Number of protein chains: 2
Amino acid sequence: MARSSTRPTSRDVAQAAGVSQAAVSLVLGDKWRGRVSETTAERVREAARDLGYRPNLAARNLRLGRTRTVLLVVPALTTEFFAGVYTGAARVAAAHGFGVVLYPSPEGIGPARDPFASAQAALDGVIASSMAADALTAIRGDQLPLVMLDSDPTGSLGAATVNLDIADGVRQVTTHLLGLGHRRILHLAADVPSWTFEVRARELAAHMATTPGTEIRTARAPISIDGALTATEAALTAPGPRPTAVVCDDDKLAAGAYKALRRLGLRIPDDISVTGLDDLALATAIDPELTTVRLDAELFGEHGMHALMAVLEGREPENRDIPVELVVRGSTAPPPTPA
Amino acid sequence: MARSSTRPTSRDVAQAAGVSQAAVSLVLGDKWRGRVSETTAERVREAARDLGYRPNLAARNLRLGRTRTVLLVVPALTTEFFAGVYTGAARVAAAHGFGVVLYPSPEGIGPARDPFASAQAALDGVIASSMAADALTAIRGDQLPLVMLDSDPTGSLGAATVNLDIADGVRQVTTHLLGLGHRRILHLAADVPSWTFEVRARELAAHMATTPGTEIRTARAPISIDGALTATEAALTAPGPRPTAVVCDDDKLAAGAYKALRRLGLRIPDDISVTGLDDLALATAIDPELTTVRLDAELFGEHGMHALMAVLEGREPENRDIPVELVVRGSTAPPPTPA
DNA sequence: GAGCGGAAGTTATACGTAACACTTGGAGGC
DNA sequence: GCCTCCAAGTGTTACGTATAACTTCCGCTC
């Protein structure tokens, strides 16, 4: 009968199995072939099971100087309900000096007060998306291997980058609209300083310029339905010939644009076309369903992690852009013929 | 000039400052009042700054046997884009034997392969919501302080629970609809085995029964727009008098119901009313805006964390239900008067 | 001038693990 | 009959930190 108040250690298992702590470590670490007999190994495994042994990861991490864990940094929280749960919980936790780590069951969400303080205990590398400069400085200060998602490849950080081919997506949207006959476009731009949004504006301008007689009007809005509504309404009631299509930086903005258009009495797509970018569930929830650019988020994640693994293994990561795909639905049509 | 290849330790700082490692620990741990002179303390801080010293959290955690970090377990991933990023990244990472931790910048997302394997290194407690039984068993095996969110308070787990007053929300919805004159209701239920959904069905039935001549038809659907669409269409084309209102277990189901109703040529709310539950951004993105029950997710999170803190500090957590609020929008109206 | 107490440190140790270097007891070769 | 070699382990150490216990020096009091 061992002390049951505290968690069992490998030494407790060793004692229970009548072997040394080293043997336990070998067996449970799966490094015993030819070093420990099969019968002894089984005895150790049984003892570990009986005691409910779980290795202490803090000790293991300290010993190995390595954690087999990486940090994925995302720009902001898109989840709605559990984002709120996290925010509230994290606030109280912080007040108690605690950090919070989210776990997605079975897929996935994320962690902590100060990511680099509370995470460095368990990090071999970082994947970061569209981050603030100061956070990046903190990461670099840690000298952790870093992969950037959707960031300027010419940025001076010297980190590997993995990007969605947003530029091509914008080209596809533009080609689609130009082909339908649209010439005057309202660009509903996300009011967020991020490379990925700069690309949209730049590429839209560049590709529209290839056709003569085109015109782009720009409205900026925070990424929220209400923000998009207000900005769109203002832009469309401004003087001058009305745009015949609204190109939105993402689907959420498009949902806001829908509301503004309804309020202005404009029918989609008869009076005005709308496009999004992301292909969220929202895109098919609204009426008419949204013509948008599908981003393969999973593939994106896979490529990002592959790149990080390459860096960790000393290989050169490949900087390939991930293809995207235009999905044409009911929100785009030829512009109305002028009376 | 110290060795610069490896990360500086507190001993390196001590050497640089000409003091013992213990002194460094005291100064940086802010426990030096009356034990170290102000000038020495400043010298230590300067050395730490110069070397870019960051304490090794694995070592600290090992030493303290405590991590000031808790794990928040959520039932599934609601985020769309970054959920996919996480899934893909986690898959590749797992293939390499790595775990993944998400970090929300600046608010918040979460972590890992096997939550209890990769997290126990840094956990003092757990907040879990609607979890699978096996995962719960794993948690209990860890003997970690546990708070359950939205779970059966009479469950045999002996954990503290913090719940939203979903029952009251359902009562408010029912009262609202009965007051408008609705008697035949379609309950679009989430096909997910969870206490929180059982409550909806039970409470709806109980409260409807208080008014004579009422009738509930039930349709089950997975929580997705397409699933809800199919289930709703099937339920409303079935024989018998058509329900005049659809009560949905959450907003996403309601969005699917909208599509089904449009397809059937029914106008909302003139021909049929719809209600949701959650008050997501989606609720105001669809047309007409959805009458739903607002859940204060942040407050929920705060209460969950308060409860966990109480457990950690040996206090008795209070098991209060968190109030919810009916938000009446454009999707509900009196039932059409029969011809 | 002996003794005391506090300031300003230092020394030593333990947390739990992984792995290197060593031991021991036979079996087999010549 | 002796040497070698291998299987099957064990003893020991280090990872970096926090802290309890100890030391040393000095200024004061009586």
Side-chain angles (χ1 to χ4, degrees), chain A residues 2-3 5-45 47-48 51-68 117-118 120-122 124 142, chain B residues 2-3 5-44 47-48 51-68 117-118 120-124 142:
Chain A
R3 62 223 165 97
S5 66
T6 182
R7 259 178 54 170
T9 71
S10 59
R11 213 176 318 267
D12 295 330
V13 175
Q15 194 173 349
V19 297
S20 70
Q21 179 267 333
V24 173
S25 183
L26 288 172
V27 170
L28 299 182
D30 211 26
K31 296 212 159 61
W32 56 281
R33 47 263 145 133
R35 315 251 297 126
V36 174
S37 72
E38 174 58 52
T39 46
T40 304
E42 183 50 35
R43 198 149 34 89
V44 169
R45 282 189 225 103
L51 293 177
Y53 170 72
R54 304 287 198 103
N56 178 319
L57 292 203
R60 173 180 291 172
N61 290 346
L62 176 57
R63 176 68 237 255
L64 296 177
R66 187 190 35 161
T67 61
R68 309 232 118 203
S118 96
Q120 96 195 2
D124 288 346
D142 268 2
Chain B
R3 61 222 166 95
S5 67
T6 183
R7 259 179 53 170
T9 71
S10 58
R11 214 177 317 269
D12 295 330
V13 175
Q15 194 174 350
V19 298
S20 71
Q21 179 268 332
V24 172
S25 185
L26 288 174
V27 171
L28 300 181
D30 211 26
K31 296 209 159 60
W32 55 281
R33 47 253 148 139
R35 316 249 298 126
V36 174
S37 71
E38 174 59 51
T39 46
T40 304
E42 184 49 35
R43 198 149 34 89
V44 168
L51 293 176
Y53 169 73
R54 306 285 200 103
N56 179 320
L57 291 204
R60 172 179 293 172
N61 291 345
L62 176 58
R63 174 67 236 257
L64 295 177
R66 185 189 39 156
T67 61
R68 310 231 116 201
S118 97
Q120 96 192 6
L123 295 180
D124 287 346
D142 268 2

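Note on naming: letters A, B, ... go to the chains in the order of the sequence lines (proteins, then strands), and numbering restarts at 1 for each one. Please read all numbers here as calculations on a predicted model, not as lab measurements.
- The side chain of B:A23 has C:dT10 as its nearest neighbour among C:dA8, C:dG16, C:dT10.
- Here the closest heavy-atom approach between residue A:Y53 and residue A:T9 is recorded as CE1-C, 3.4 Å.
- Put simply, CH2 on A:W32 is 20 Å from C1' on C:dT17, counting in whole angstrom units.
- Partners of A:A41 by side-chain contact (heavy atoms from CB on, under 4.5 Å), not counting sequence neighbours, listed by chain and number: A:V27, A:W32, A:V36, A:R45.
- Among the heavy atoms of the strands lying under 4.0 Å from B:S37 are primed sugar atoms or P, OP1, OP2 only; no base atom is included.
- Following rounding to the nearest Å, A:R11 (CZ) and C:dA14 (C1') show an atom-to-atom distance of 10 Å.
- Smallest separation of non-hydrogen atoms from B:S10 and B:V24: O-CG2, 3.8 Å.
- The two atoms that bring B:A16 and B:A47 nearest to each other are CB-CB, 4.1 Å, heavy atoms only.
- Of all nucleotides listed (C:dT17, D:dG16, D:dT19), C:dT17 comes nearest to the side chain of A:A59.
- A:Y53 places its OH atom 3 Å from the P atom of C:dT17, with the value rounded to the nearest Å.
- Across the protein-nucleic acid pair, B:Q21 atom CD and D:dT19 atom C1' stand 10 Å apart, rounded to whole Å.
- If you take CZ of B:R43 and P of C:dA8, they are 13 Å apart, rounded to a whole angstrom.
- For B:S20, the listed nucleotide lying nearest its side chain is C:dT11; candidates were C:dT11, D:dG9, D:dT10.
- Scanning for side-chain hydrogen bond (donor to acceptor under 3.5 Å, both in side chains) contacts around A:S37 gives A:T39, A:T40, with sequence neighbours left out.
- If you measure from atom CG of A:L28 to atom C1' of C:dG16, you get 13 Å, rounded to the nearest angstrom.
- Between the side chain of A:R11 and the main chain of A:Q21, no donor-acceptor pair closer than 3.5 Å is present.
- Straight-line distance from the CG atom of B:D30 to the P atom of D:dT19: 12 Å, rounded to whole Å.
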Return the polar atom pairs (N/O with N/O) between nucleotides 20-27 of chain C and the protein under 3.5 Å, or none.
none

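- Taking every side-chain heavy atom of A:V36 into account, D:dG9 is the closest of D:dG16, C:dT17, D:dG9.
- Neither OP1 nor OP2 of C:dA8 sits under 4.0 Å from any side-chain N or O of B:T40.
- For the OP1/OP2 pair of C:dG16 and a distance below 4.0 Å, the side-chain nitrogens and oxygens of A:S10 include no atom meeting the criterion.
- Distance B:E38 CD to C:dA7 P: 15 Å, rounded to the nearest Å.
- The minimum heavy-atom distance between A:P8 and A:L51, with the atom names listed, is CG-O, 3.4 Å.
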